[in-house]
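Worksheet: one structure, shown below.
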Number of protein chains: 2
Amino acid sequence: MPTSKDVAQAAGVAQSTVSYVLSGKRPISEKTRKKVEAAIEELTYQPNAGARALAGRRTRVIGLVIPFIPELEMASLMEFVSVIASTARQFDHDILLVTEDEGAAGLRRVVGQQICDGLILMQVEDEDERLPVARTLNVPVLLIGIPRDPSGLVCIDADFEVAGDQCVRDLAAAGHSVISIIEWQPAVVNRHVNYVDRFMRGADGAAETLGVAVQHFPGGADVAIISESVDKALAATQGIPAFIAPDRTIQDILRRALAARGLTPGVDVSVIGSASPTLAELQPVPLSTIDLRPKEVSRRAVKIICDLLEAENHGPHESLELVPTVITHRSSTLRPPHGS
Amino acid sequence: MPTSKDVAQAAGVAQSTVSYVLSGKRPISEKTRKKVEAAIEELTYQPNAGARALAGRRTRVIGLVIPFIPELEMASLMEFVSVIASTARQFDHDILLVTEDEGAAGLRRVVGQQICDGLILMQVEDEDERLPVARTLNVPVLLIGIPRDPSGLVCIDADFEVAGDQCVRDLAAAGHSVISIIEWQPAVVNRHVNYVDRFMRGADGAAETLGVAVQHFPGGADVAIISESVDKALAATQGIPAFIAPDRTIQDILRRALAARGLTPGVDVSVIGSASPTLAELQPVPLSTIDLRPKEVSRRAVKIICDLLEAENHGPHESLELVPTVITHRSSTLRPPHGS
DNA sequence: ACGCATCGTCGATACGCATCGATAAATCGA
DNA sequence: TCGATTTATCGATGCGTATCGACGATGCGT
């Protein structure tokens, strides 16, 4: 592996000059720069990350702390990971995987060893054991999700509260007076993953304002659970029933449960679900969806933390950014109030 | 951040002694070790990764090159990632994400900058642009998957050929003389992801040996495609039909297609599918499955590359390891030849 | 033509750790 | 008891880069 000294020698300049050509932190004459760049090309030189980290006190690596909980929507988690990784590359950073099973100690480790310049935490819970640690780390930490007490932390997430509010408003405007929400999988609810509560708060708030009823039922990967929830919901509904099901993993089961009861979405039942646009369109009855903007959240998350890394002022920050969600009405809801 | 020099000072020894306490590469007296360990504890010292990499020419990081192709089974990909990451930790290594969109240049980058000591490549295709690069890198590279020409490469994967063979044998033994395979999603097949061909080779081979017929039909996330495949398969079948569907993403669609045609798995049709044991058990008719051992493949992959890293002999290696798959007969196949 | 600021480059140093050779201390045999 | 080993520790050096101060060269105004 060639070093910057080799490049310097090949170009007939000092090693420091090579460094300045690369960083642009001091003026370099056109002639010299050409020579150095030619030498770099010639030797296919690439700076050594370890040495760079040591001398520059910057690794250009961001730690991504992911939970691997089988019950979660792995496919959508992957979407986050994918977008985070490629966005990080756009900011000239790399992503290091930190698995949940190391727990809070993992955070201390990667920061203590200075493997990472900063961290992104996913799947933040209301009372998360990682938070006290995160607050004391003297590197930027970005949470995807909003814990009960976000003080002293930098958070971003989809605006689940407005999402819940909007779903209820749209269904109410379509004429429904009783709206049933099928919740996330129990594993998610029980972990007190923060977004569940926020969604429900928004939905309940809208219901109160508009004078409609919102009822909650358990979700789950199990057909029996969904069947029971649907039956209870139908029994408690006057008029045309409406369902909101923001958990992607239960879409199929719900749809079949409704079909089994002779209900056709868009005709004698309204459904707002969650699915990629492609999948939503492919349904027998194209599904109205609430898009929780995973890609946009991921992009902004990386941007925020990279900005913090630039800022260099690693004192305690605090901020909260909510990404607007998007409801798309297709055919599974009655009389969509706004087109598309 | 405390350094080893700080620790040395606190313990009243030389910095090199601290280093030897940590590495164990030279004998240290009990007394001195205690002092040093106490100082480490006291200062919560953690060695600086950059300095360690620079001096020791080892980063203890493994690059994981993942494809993010929406059509793939993201959930099962995540299973690989998860197990790889935690296994790597057991070997005291970390995982750096390298996204596919950097292409082969990404490999050159992370190796050239010496961010990684080695690489794991996932989703290897028959003619993969990364392979020529991989062969010339002077770090260990481990492929999960087997390309058309594996010479000079270290590969591991599930034994898809035996899996195909075994599925056909079991169904033939259950009395089926015509067996229909619903293939992976077109996006997978078209990319010439190597395992598709291997599976089919095994299945076709067994069919020839046993004198039964195997027919292939396209898979897909689309209900229409599966419906058409099922209809064609049924039309071409004498006696009780049998299906093999190794792609996890099409299980639900296939099951519904069969139900819609009045067929009950285990009674008037046999089905070998693919799903986690939990999910398989939860089906209306518990699904017989072919387990492609993603966890075991991941674990062994990490072990192999860590062994190569230990070996230190980074000359060209070549090896091929196949992980046996497991067929579990539940209720969706006729007369299971071996129980449970 | 002369002092002065500016530009471009060099040399030296620090970053934190691993490792090698050397040295002091302890152990052993005869 | 003295030299020969062995054991435990120290000091010095190198890893490859970033950065700071210094210095010669160049251009400026007067």
Side-chain angles (χ1 to χ4, degrees), chain A residues 1-37 39-40 43-61 92 109-117 309 312, chain B residues 1-37 39-40 43-61 92 109-117 309 312:
Chain A
M1 295 277 179
T3 70
S4 61
K5 199 194 289 180
D6 298 330
V7 173
Q9 195 165 7
V13 301
Q15 179 268 326
S16 55
T17 301
V18 175
S19 183
Y20 285 122
V21 167
L22 252 20
S23 72
K25 293 196 176 175
R26 282 201 183 171
I28 297 288
S29 71
E30 188 64 19
K31 205 181 66 181
T32 305
R33 182 183 313 129
K34 292 284 189 218
K35 275 194 304 183
V36 171
E37 282 166 354
I40 288 176
L43 301 175
T44 64
Y45 164 74
Q46 298 194 252
N48 178 295
R52 200 197 265 263
L54 183 56
R57 336 182 125 268
R58 266 247 171 112
T59 65
R60 307 200 73 78
V61 170
D92 197 22
R109 182 177 66 83
V110 293
V111 171
Q113 297 185 174
Q114 298 174 62
I115 301 180
C116 295
D117 296 335
L309 289 174
E312 189 64 75
Chain B
M1 295 275 178
T3 70
S4 61
K5 200 194 290 179
D6 298 329
V7 173
Q9 196 164 7
V13 300
Q15 178 268 324
S16 54
T17 303
V18 174
S19 183
Y20 286 121
V21 167
L22 253 20
S23 71
K25 294 197 177 175
R26 281 200 185 174
I28 297 289
S29 71
E30 189 62 21
K31 204 181 65 181
T32 305
R33 184 185 311 131
K34 291 282 188 222
K35 276 195 302 184
V36 171
E37 281 166 355
I40 288 175
L43 301 174
T44 65
Y45 164 75
Q46 300 193 249
N48 178 295
R52 200 198 265 267
L54 184 55
R57 336 183 126 268
R58 269 259 166 101
T59 65
R60 307 201 72 80
V61 171
D92 196 22
R109 182 177 66 83
V110 293
V111 171
Q113 295 183 175
Q114 297 175 59
I115 301 180
C116 294
D117 295 335
L309 289 173
E312 190 64 77

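Please read all numbers here as calculations on a predicted model, not as lab measurements. So that the names make sense, note that chain A is the first sequence line, chain B the second, and so on, each numbered from 1.
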* **Interatomic distance where CZ belongs to B/Arg33 and P belongs to D/dA8 [whole Å]** => 9 Å
* Going by heavy atoms in the side chains, are B/Glu30 and B/Lys34 under 4.5 Å from each other? -> yes
* To do: Could you pick out which residue, B/Gly56 or A/Ser16, lies toward the 5' side of DNA chain D when each is mapped onto its nearest nucleotide?
  => B/Gly56
* To the nearest Å, how far apart are A/Gln113 CD and C/dG16 P? -> 15 Å
* Test applied, side-chain contact (heavy atoms from CB on, under 4.5 Å); reference residue, A/Val36; option that passes from A/Leu22, A/Ile28, A/Val18 -> A/Val18
* To do: Begin from the C-alpha positions of B/Arg26 and B/Thr17 and carry the test side-chain contact (heavy atoms from CB on, under 4.5 Å) through to its verdict.
  => CA-CA 9 Å; B/Arg26 281 200 185 174; B/Thr17 303; over 6 Å; no
* **B/Ser29, nearest nucleotide to its side chain (from D/dA12, D/dA18, D/dA8)** => D/dA8
* Asked: Rounded to whole angstroms, how far apart are CG on B/Asn48 and P on D/dC15?
  -> 18 Å
* Asked: Which residue lies toward the 5' end of DNA chain C, B/Arg26 or B/Gln46, if each is placed at its nearest nucleotide?
  -> B/Gln46
* Calculate, to the nearest 0.5 Å, the distance between atoms CD1 and CZ belonging to B/Ile115 and B/Arg109 respectively. => 5.0 Å
* Complementary nucleotide of D/dC20, counting Watson-Crick and G-U pairs under 3.5 Å -> C/dG11
* For C/dG11, does OP1 or OP2 lie under 4.0 Å from any side-chain N or O of A/Tyr20? -> no
* May I have the distance from B/Met1 (atom CE) to C/dC17 (atom P), rounded to whole angstrom? => 11 Å
* Rounded distance (nearest 0.5 Å) linking atom CD of B/Gln113 with atom OG1 of B/Thr59 -> 12.0 Å
* **Base paired to D/dA25 (Watson-Crick or G-U; both N/O distances under 3.5 angstrom)** => C/dT6
* State, with a plain yes or no, whether a side-chain heavy atom of B/Val111 is found less than 4.5 Å away from one of A/Gln46. => no
* To do: Take atom CD of A/Gln15 and atom P of C/dA14, then tell me their distance rounded to the nearest Å.
  => 15 Å
* C/dA18 OP1/OP2 closer than 4.0 Å to side-chain N/O of B/Arg52 -> yes
* To do: Report the distance from atom CG of A/Leu54 to atom C1' of C/dC17, rounded to the nearest whole Å.
  => 8 Å
* Rounded interatomic separation in angstrom, taking CD1 from A/Ile115 and P from C/dG16 -> 16 Å
* Asked: With respect to the side chain of B/Pro47, which nucleotide from D/dG21, C/dC17, C/dA12 is positioned closest?
  -> C/dC17
* To do: Could you check if a side-chain atom of A/Leu43 sits within less than 4.5 angstrom of a side-chain atom of A/Val7, using non-hydrogen atoms only?
  => yes
* **Listed nucleotide nearest any side-chain atom of A/Ala51, set D/dG16, C/dT19, C/dG16** => D/dG16
* Separation of C/dC10 P from A/Lys35 NZ (nearest whole Å) -> 8 Å
* Tell me whether the OP1 or OP2 atom of D/dG16 has a side-chain N or O from B/Arg57 closer than 4.0 Å. => yes
* Selection: residues 3-11 of chain B, any non-hydrogen atom under 4.0 Å of DNA chain D -> none
* So, is B/Lys25 near the phosphate of C/dA18, with a side-chain N or O under 4.0 Å from OP1 or OP2? -> no
* **Separation between CG of B/Asn48 and CZ of A/Arg57, rounded to the nearest 0.5 Å** => 8.5 Å
* Identify whether any heavy atom of A/Val18 sits under 4.0 Å from a base atom; if not, whether one sits that close to sugar-phosphate; answer base, sugar-phosphate or nothing. => nothing
* **Out of D/dT19, C/dC17, D/dC10, whichever nucleotide has its closest atom nearest the side chain of B/Thr17** => D/dC10
* **B/Glu30 (side chain) and D/dA8 (base): donor-acceptor pair under 3.5 Å** => no
